[in-house]
Structures are given as C-alpha cells and as structure tokens.
Amino acid sequence: MRWEGNRESSNVEDRRGSGGGGMIGGRSIGIGTVVVALIGWGVFGINPLTTIGVLSGGGGQPQVQQGPAKAPPANDQQAKFVSTVLASTEDVWTQVFKQGGAQYREPKLVIFRGAVPTACGTGQSAMGPFYCPGDQKVYLDMDFFDTMSRQLGAPGEFARAYVIAHEVGHHVQTLLGTTGKVDSMRGRVSQRDQNALSVRLELQADCYAGIWANHSQQAKNWLDQSDIESAINAAQQIGDDKLQRQQTGTVRPDAFTHGSSAQRVRWFTTGLKTGSVQSCDTFSAQSI
C-alpha cells in the first residue's frame with residue numbers, strides 16, 4: 001500500500017500519555033490475554049472487562065491512565081499511517097455524501113493505550129478497535145495491529161486499513177440513522193434476533209469498508225492485488241465461525257454477532273466491486 005506522501009487527517013487525538021502501555025487496573029496485560037478477551041467478546045458476548053479481570057487476577061473497573069488530547073508525534077510512522085487512512089476515508093465519504101445531497105461529518109480517531117474513557121463507557125485494548133456512537137469517535141490501541149499479525153493471522157498494511165475503514169463504516173451508519181434503528185430494537189426482540197441484527201450491522205460496515213477501498217483506489221491508485229488479498233484474509237480470519245471453531249471446536253451460527261468468514265468476505269467484496277451504498281443494504285438482503 002503506497003500511502004506515504006498522502007494527506008494526513010487532523011482529526012486524530014493521541015491519548016497515550018507519557019506512561020507505559022497495556023496497563024489495566026495496574027497490571028500489564030499480555031497479547032494472549034487480549035486475544036482471549038477479544039474472542040470472548042466477539043463470539044460469546046462476554047464483557048472484555050470481565051475476561052481481563054479473571055485472567056489478570058483482578059476485579060472491578062480498570063484504572064484509566066488518561067493523557068491530554070494532542071496530535072501524534074510527527075515522527076510516529078504508525079500514527080502517520082492511521083492519519084493517512086483516516087484522511088482518505090474523509091475524502092471518500094465527503095464525496096459520497098455530497099453526491100447524495102448530504103454533508104458528511106468527520107469522526108475523530110483516538111489513539112490510546114490500555115484503557116480510555118468514552119461516551120460508551122470505558123474502552124479497552126481487549127475490545128480491539130471500536131466505534132462509539134455516543135461521541136462519534138473511533139478508538140484504536142495500535143498494539144492491536146501486532147495482535148492481528150501475530151495472533152489472528154492477518155498481517156499487512158491494507159488489512160490494518162480495512163479495520164480502520166470498517167470502524168468508520170459504523171460512523172457512516174450512525175450518520176445515516178441505521179445504528180439508531182438497530183439500537184431501538186434492543187429489549188424488544190430475542191437475543192437470537194438481536195444477534196442477527198448485529199451481524200447485518202457488522203456486515204454492512206464491512207461493505208462500507210469496501211466502498212472506501214473502491215473510491216480511494218480510483219482516486220490514488222495506491223493498492224495492488226496483494227493489498228486486496230490481505231484485506232480479504234483479515235475478513236476471513238475474524239469471522240465468527242473461525243473464532244468459535246478455534247475456541248470451542250464447534251460453530252454456533254445463532255451466536256454470531258459479526259458474521260461468518262464467508263459473509264464478511266462477501267460483503268467487503270461487494271462494496272469493493274460496486275462502490276455503491278445501495279449495494280450494501282444487508283438488512284433487505286434475504287440471504288447474507
């Protein structure tokens with residue numbers, strides 16, 4: 001992915017502070033713990049706070065080491081990469097919204113380490129990158145990129161870009177009102193039906209990530225076939241069926257919250273090929 005020299009976003013907040021990384025409740029959390037907590041959250045719906053508390057021998061809420069919001073250091077290459085990808089999503093979605101007669105509101109992206117307060121509660125590294133509709137911010141502990149490569153089998157810069165674009169896709173859903181409609185169903189449908197709605201929401205965010213890849217490639221021609229393959233591989237590696245099989249040896253489709261590997265690949269590829277928001281209507285699709 002030829003990203004160097006492209007515009008960087010000014011919407012990146014660095015809240016890593018000056019302390020060490022990976023500290024939850026005063027204890028250092030290793031990558032193995034993070035992966036187990038991530039799988040527990042994505043596959044079983046277990047609160048990562050609970051998982052980390054058990055695995056680290058602690059309990060209660062984590063102590064959040066909060067630093068002031070600032071721009072990342074100019075020599076931080078990972079932060080420059082994140083800022084460049086975020087800038088590209090801004091360019092793409094501003095144009096897509098404009099073509100639809102609407103105005104795109106850019107999200108902030110917060111780089112943090114360990115834990116961070118958000119409008120959705122305390123965010124943690126173990127959750128992986130996530131989006132909070134309450135403050136319309138994407139949160140990212142960049143150590144997760146190492147987890148992707150070493151533990152989840154999803155290396156490559158464009159695999160990382162896909163993850164960022166997926167979270168920005170959730171921001172697009174918030175702006176379009178999709179997230180609010182799904183949230184309004186909580187408590188009104190069964191857990192199984194709520195999981196099914198969650199799957200469609202996540203697959204749509206994958207499709208929106210594909211839209212970004214389509215438009216950014218047209219504008220910059222900065223991708224090659226190996227980049228596309230790394231993103232597709234990432235989608236395969238984080239499918240609910242693959243994670244369930246690794247963790248328990250069995251697959252329970254009724255417990256899916258993000259979609260199977262095949263589904264995630266299908267919808268990312270749909271957005272990539274069409275570049276069209278209309279093609280990403282996972283909620284009307286009879287089969288996902």
Side-chain angles (χ1 to χ4, degrees), residues 1 3-16 67-74 76-112 116-120 123 127-142 144-145 157-158 160-183 201-202 204-220 222-223 231 268 271-272 275-278 280:
M1 183 177 178
W3 59 271
E4 295 90 345
N6 286 279
R7 181 180 77 85
E8 297 177 36
S9 175
S10 60
N11 288 314
V12 177
E13 298 179 0
D14 189 345
R15 292 189 174 273
R16 290 173 291 184
K70 57 185 179 181
D76 187 329
Q77 286 299 108
Q78 273 201 329
K80 287 173 70 70
F81 170 77
V82 169
S83 298
T84 301
V85 172
L86 183 63
S88 177
T89 68
E90 293 167 352
D91 294 342
V92 167
W93 287 111
T94 293
Q95 185 61 29
V96 170
F97 271 60
K98 183 178 180 180
Q99 291 173 349
Q103 184 174 1
Y104 180 65
R105 296 197 305 273
E106 299 172 351
K108 298 283 187 181
L109 189 151
V110 179
I111 299 171
F112 72 99
V116 64
T118 81
C120 300
M127 297 176 181
F130 64 94
Y131 172 74
C132 173
D135 54 25
Q136 297 191 5
K137 293 182 179 182
V138 173
Y139 290 87
L140 169 65
D141 184 328
M142 288 191 294
F144 180 74
F145 290 156
E157 286 184 332
F158 195 64
R160 300 175 180 186
Y162 152 71
V163 168
I164 296 169
H166 173 94
E167 299 308 328
V168 172
H170 284 310
H171 177 64
V172 172
Q173 291 172 320
T174 295
L175 297 183
L176 296 178
T178 309
T179 304
K181 291 179 181 178
V182 172
D183 284 346
L201 196 69
E202 294 295 334
Q204 187 176 65
D206 281 332
C207 192
Y208 286 168
I211 290 178
W212 163 75
N214 174 293
H215 287 262
S216 70
Q217 174 67 352
Q218 289 185 38
K220 301 180 184 297
W222 60 352
L223 307 176
F268 170 76
L272 175 65
S276 166
V277 172
Q278 288 73 25
C280 294

**Asked** For Gln95 and Asp91, does a side-chain donor sit closer than 3.5 Å to a side-chain acceptor?
**Response** no
**Item:** Pairwise distance CZ(Arg16) to CZ(Phe112) - rounded to 0.5 angstrom
**Value:** 11.5 Å
**Prompt:** What is the minimum heavy-atom distance between Arg7 and Ala87, and which atoms define it?
**Reply:** NH2-O, 3.0 Å
**Message:** As an exercise, state the distance from SG of Cys120 to NZ of Lys137, rounded to the nearest 0.5 Å.
**Reply:** 11.0 Å
**Message:** So, taking the atom named CD1 in Ile164 and the one named OG in Ser88, what distance separates them when rounded to the nearest 0.5 Å?
**Reply:** 10.5 Å
**Message:** To check you understand the geometry: which heavy-atom pair defines the closest contact between Ala205 and Gln173, and what is its length?
**Reply:** N-NE2, 3.7 Å
**Message:** Counting C-beta onward and ignoring hydrogens, is there a side-chain heavy-atom pair between Asp14 and Pro73 closer than 4.5 Å?
**Reply:** yes
**Message:** I'd like to know whether Gln218 forms a side-chain hydrogen bond (donor to acceptor under 3.5 Å, both in side chains) with His215, so could you lay out the CA-CA distance, the side-chain angles of the two residues, the decisive distance to 0.1 Å, and finally the verdict.
**Reply:** CA-CA 5 Å; Gln218 289 185 38; His215 287 262; 5.2 Å; no
**Prompt:** Does atom NZ of Lys181 have more than 12 heavy-atom neighbours, drawn from other residues, nucleotides or ligands, at distances under 6.0 Å?
**Reply:** no
**Asked** What are the two closest heavy atoms between Glu90 and Ser9, and how far apart are they?
**Response** OE2-OG, 2.6 Å
**Prompt:** Going from NZ on Lys108 to CG on Asp135, what distance comes out if it is rounded to the nearest 0.5 angstrom?
**Reply:** 11.5 Å
**Request:** Considering non-hydrogen atoms only, spot the tightest contact between Gly123 and Phe130 and give its length.
**Result:** CA-CZ, 3.5 Å
**Request:** Can you label the angle between the Tyr131 ring and the His170 ring as parallel, tilted or perpendicular, going by 30° and 60°?
**Result:** parallel
**Prompt:** Tyr208 and His171: aromatic ring centres closer than 6.0 Å?
**Reply:** no
**Asked** Hey, what's the ring geometry for Trp212 with Phe158, parallel, tilted or perpendicular (30° and 60° as the breaks)?
**Response** parallel
**Message:** Tell me the closest heavy-atom pair linking Thr174 and Pro133, and the distance in Å.
**Reply:** OG1-CB, 3.9 Å
**Fill in**
Interatomic distance, CD@Glu106 vs CG@Leu86, rounded to 0.5 Å, equals 7.5 Å
**Request:** Measure the CG-CG distance between Asp183 and Leu201 for me, rounded to the nearest 0.5 Å.
**Result:** 8.0 Å
**Message:** Testing the basics here: between Ala119 and Gly134, what is the closest heavy-atom pair and its distance to 0.1 Å?
**Reply:** CB-C, 3.7 Å
